[in-house]
Amino acid sequence: MKATGFISLWTLVSLPCGPLASPADREDVVKHAIKLHRGKGAGITQRKQWVFESCRKLSGLLRQKNVVLNKLKNAIRAVEKDAGLSDEEKLFQVHTFEIFQKELNESENSVFQAIHGLQRALQGDYKDVVNMKESSRQRLEALREAAIKEEMEYVELLAAEKHQVEALKNMQHQNKSLSMLDEILEDVRKAADRLEEEIEEHAFDDNKSVRGVNFEAVLRVEEDEANSKRNASKREVEDDLGLSMLIDSQNNQYILTKPRDSTIPRADHHFIKDIVTIGMLSLPCGWLCTTIGLPTMFGYIICGVLLGPSGLNSIKSIVQVETLGEFGVFFTLFLVGLEFSPERLRKVWKISLQGPCYMTVLMIAFGLLWGHLLQIRPTQSVFISTCLSLSSTPLVSRFLAGSVRGDKEGDIDYSSVLLGMLVMQDVQLGLFIAVMPTLIQAGVSTYSSIFKEILRILILIGQIVFSLAAVFLLCLVIKTYLIGPYYRKLHTESKGNKEILILGITAFTFLMLTITELLDVSMELGCFLAGALISSQGHMVTEEIMCCIEPIRDFLAIIFFASIGLHVFPTFVIYELTVLLFLTLSVVIMKFVLAVLVLSLILPKTSQYIKWIVSAGLAQVSEFSFVLGSRARRAGIISREVYLLILSVTTLSLLLAPALWRAAIMKCVPRPERRSST
């Protein structure tokens, strides 16, 4: 009961005493609150005395603050009128007074904001979680704003300190004559200051008021060292370089992407250590898989599992490792296109176009059927079915890498059909990524807007078709007029210097990648088309470029497959092994059977025997389901449990793929032509 009297008094004080009220008004409110409190006849003398003394002290502090502010204003006017001070000294003194003024005003506002916060808490319902959450959010926003203001004040103090140093230097220079070296150094200092001001981006000030920007509390973590002295000195250096790690309240970890001072070179030592560790551990893991007859790529995946969150958890820059691994996909698809000549593409383009489309439609139909039986939302069923319908292009490319084609004249090469269908699936991947925002909206739409959603999806499909037509028209122009002179120029300039050739081919690949990305088509398709365009220049050109690019592809592919292992969780697989094996076998068998049925309808009678090999190559789930699954989980299309199931089924299907591929090769390829591409 005692606390109620105090609280009611402070609540009365806080109502009209916001930041906009004048100091005189606040004094009147305090006195009026005391009168009201006395009129109520509140019981205990000691309590009345405490309230009176507290309010009197608050009123006295407000009067004292106003006196100090007036003195500061007079001091600023006096400094500005003082002709004996230099511009640097005036700037320093005025800046210091202004900072003190701001400190007084912010301290006063903090007092009344705290009282308003107490008032909001008292007016709330302690049984209402939503109300308490809103109050907590408001306090958090207030704390963030206070932290930002304090940070800005600290920066201003640093600037004032800098002005003070400059003023002292000017005074020293006026009292003594400068040598030639001192004058040169002074000119260099001024030029360096101008350079720093020119290249510095005020990213914080420019973006803090942008819509959608939120203030977050983060932790700055320094790397532990065994030697404490070394750790202390290193921390001083990293404070200047900004190389420490930041962690937000959602446990996301951040590293420096662009420093404030761009004149000092920096390196992300965490990323360097991660790449070095992956490179060293990949060798024994790859050797082990080669010894037991598995593809080396599974050794690299095991390497990622051992170093990732489910293992030693020694990889700190997971996003950076995955980003570098994406270049392994780019160069892999470039070499696939390099082996996949336009003549072979022209021979199987109908099969490559029809096969993946039929399989995707059938997978979605089965997914919707099972989703209806299991009472799963249609958007979730469509997403899962589409993810599972995709197959791994890098994996199959490894199976086919360097394999001998022994097809008879007039027959269709199984590798051409398989790669053509995989490339078409990459196109479908780009289409699905483009449609995903609409799929997200469809998940929360009412039935009255279904027509609009279908119309929007059709418009998106039309845009993708238009983009594909534009890409292939551009490829035709490049093949006819540009690629020949471009390669001949590269070949001429690169005699005795392979760097120019590698750089020229890489630049062309990245150009095609950028074009397809700008046209909202998958970047992987651009890499494939770059290889196909270069392969049109002949077999000798293909061999020369392949010898240069293959080592780069192999190293980056190691990083890519290791990054896949970072998302494999053996403990989850062990806990749910029975369910996961059943789901994986069901998906693999379903994809194999559907592929056989589709290929039986679209393949010529003379080439029906390759349907078993092609179906075996398609009977696994693409690693891009990791990417799609992560996006869908963030968007709320699928739950955490479904996401982990997709990751686990994808991993197990990739592990089963080599055995299924070997069985198909053993059954369908004659022994003299048989080559183990695993």
Side-chain angles (χ1 to χ4, degrees), residues 355-392 424-425 428-458 460-461 464 567 572-573 575-598 615 618-654 656:
C357 293
Y358 293 157
M359 288 187 62
T360 302
V361 170
L362 290 174
M363 285 290 293
I364 293 176
F366 276 102
L368 289 173
L369 176 62
W370 282 104
H372 178 71
L373 296 176
L374 299 176
Q375 296 182 349
I376 302 175
R377 288 180 299 158
T379 53
Q380 188 167 328
S381 301
V382 170
F383 175 82
I384 296 173
S385 303
T386 307
C387 275
L388 299 180
S389 67
L390 301 175
S391 301
S392 175
M424 187 58 201
Q425 286 189 351
Q428 290 179 347
L429 174 65
L431 175 63
F432 188 60
I433 291 176
V435 174
M436 186 176 287
T438 302
L439 189 64
I440 296 172
Q441 296 177 7
V444 296
S445 299
T446 59
Y447 286 99
S448 60
S449 62
I450 289 180
F451 177 76
K452 293 182 180 179
E453 298 299 331
I454 294 176
L455 182 61
R456 186 179 304 176
I457 292 175
L458 292 177
L460 285 173
I461 293 174
I464 295 297
H567 299 283
F572 179 78
V573 175
Y575 292 153
E576 304 293 337
L577 184 60
T578 304
V579 175
L580 292 175
L581 283 177
F582 173 77
L583 292 176
T584 303
L585 291 175
S586 300
V587 170
V588 170
I589 293 173
M590 180 180 294
K591 293 192 69 173
F592 182 82
V593 172
L594 290 179
V596 170
L597 292 176
V598 170
S615 301
L618 296 174
Q620 28 75 23
V621 183
S622 172
E623 66 283 345
F624 286 108
S625 61
F626 297 154
V627 179
L628 293 174
S630 62
R631 292 188 182 185
R633 183 185 173 188
R634 288 196 299 267
I637 297 178
I638 60 176
S639 62
R640 178 190 62 178
E641 293 76 14
V642 175
Y643 172 70
L644 290 175
L645 287 175
I646 291 176
L647 295 189
S648 302
V649 169
T650 300
T651 304
L652 292 176
S653 70
L654 292 174
L656 291 176

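Values below: every heavy atom of this structure, side chains too, minus hydrogens, waters and symmetry copies.
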Exercise. Between Gln620 and Ser653, which heavy-atom pair has the shortest distance, and what is it?
Worked result: CB-O, 3.7 Å

For this session: Could you give me the CA-CA distance, side-chain angles and deciding distance for Leu368 and Val382, then say whether side chain to side chain contact (heavy atoms under 4.5 Å, CB included) is met?
Result: CA-CA 7 Å; Leu368 289 173; Val382 170; 3.8 Å; yes

Problem set entry | Any side-chain heavy-atom pair of Met424 and Cys357 under 4.5 Å | yes

Exercise. Going by heavy atoms in the side chains, are Leu652 and Val588 under 4.5 Å from each other?
Worked result: no

Exercise. Who passes side chain to side chain donor-acceptor pair (under 3.5 Å) against Ser625, sequence neighbours left out?
Worked result: Thr650

For this session: Please name all residues satisfying side chain to side chain donor-acceptor pair (under 3.5 Å) with Ser392, sequence neighbours left out, ordered by chain then number.
Result: Glu623

Contacts table for residues 637-646: side-chain donor-acceptor under 3.5 angstrom, sequence neighbours left out:
| residue | atom | partner | partner atom | Å |
| --- | --- | --- | --- | --- |
| Ser639 | OG | Glu641 | OE1 | 3.4 |
| Ser639 | OG | Val642 | N | 3.4 |

For this session: Only counting residues at least two apart or in another chain, list the ones meeting side-chain contact (heavy atoms from CB on, under 4.5 Å) with Leu577.
Result: Val573, Leu581

Exercise. How long is the gap from OG1 on Thr386 to CZ on Phe383, to the nearest 0.5 Å?
Worked result: 8.0 Å

For this session: Answer yes or no: is there a donor N or O on one side and an acceptor on the other, between the side chain of Lys591 and the main chain of Ser615, under 3.5 Å?
Result: no

Quick one: side chains of residues 360-367, donor-acceptor pairs under 3.5 Å with protein atoms, not counting sequence neighbours, listed by atom name and distance.
| residue | atom | partner | partner atom | Å |
| --- | --- | --- | --- | --- |
| Thr360 | OG1 | Pro356 | O | 2.8 |
| Thr360 | OG1 | Gln428 | OE1 | 3.0 |

For this session: Not counting sequence neighbours, which residues clear side chain to side chain donor-acceptor pair (under 3.5 Å) with Ser389? List them please.
Result: none

Problem set entry | CG-OH distance between Leu597 and Tyr358, expressed to the nearest 0.5 angstrom | 13.5 Å

Exercise. If every non-hydrogen atom of Leu618 is compared with every non-hydrogen atom of Met359, which pair is closest and at what distance?
Worked result: CD1-SD, 3.9 Å

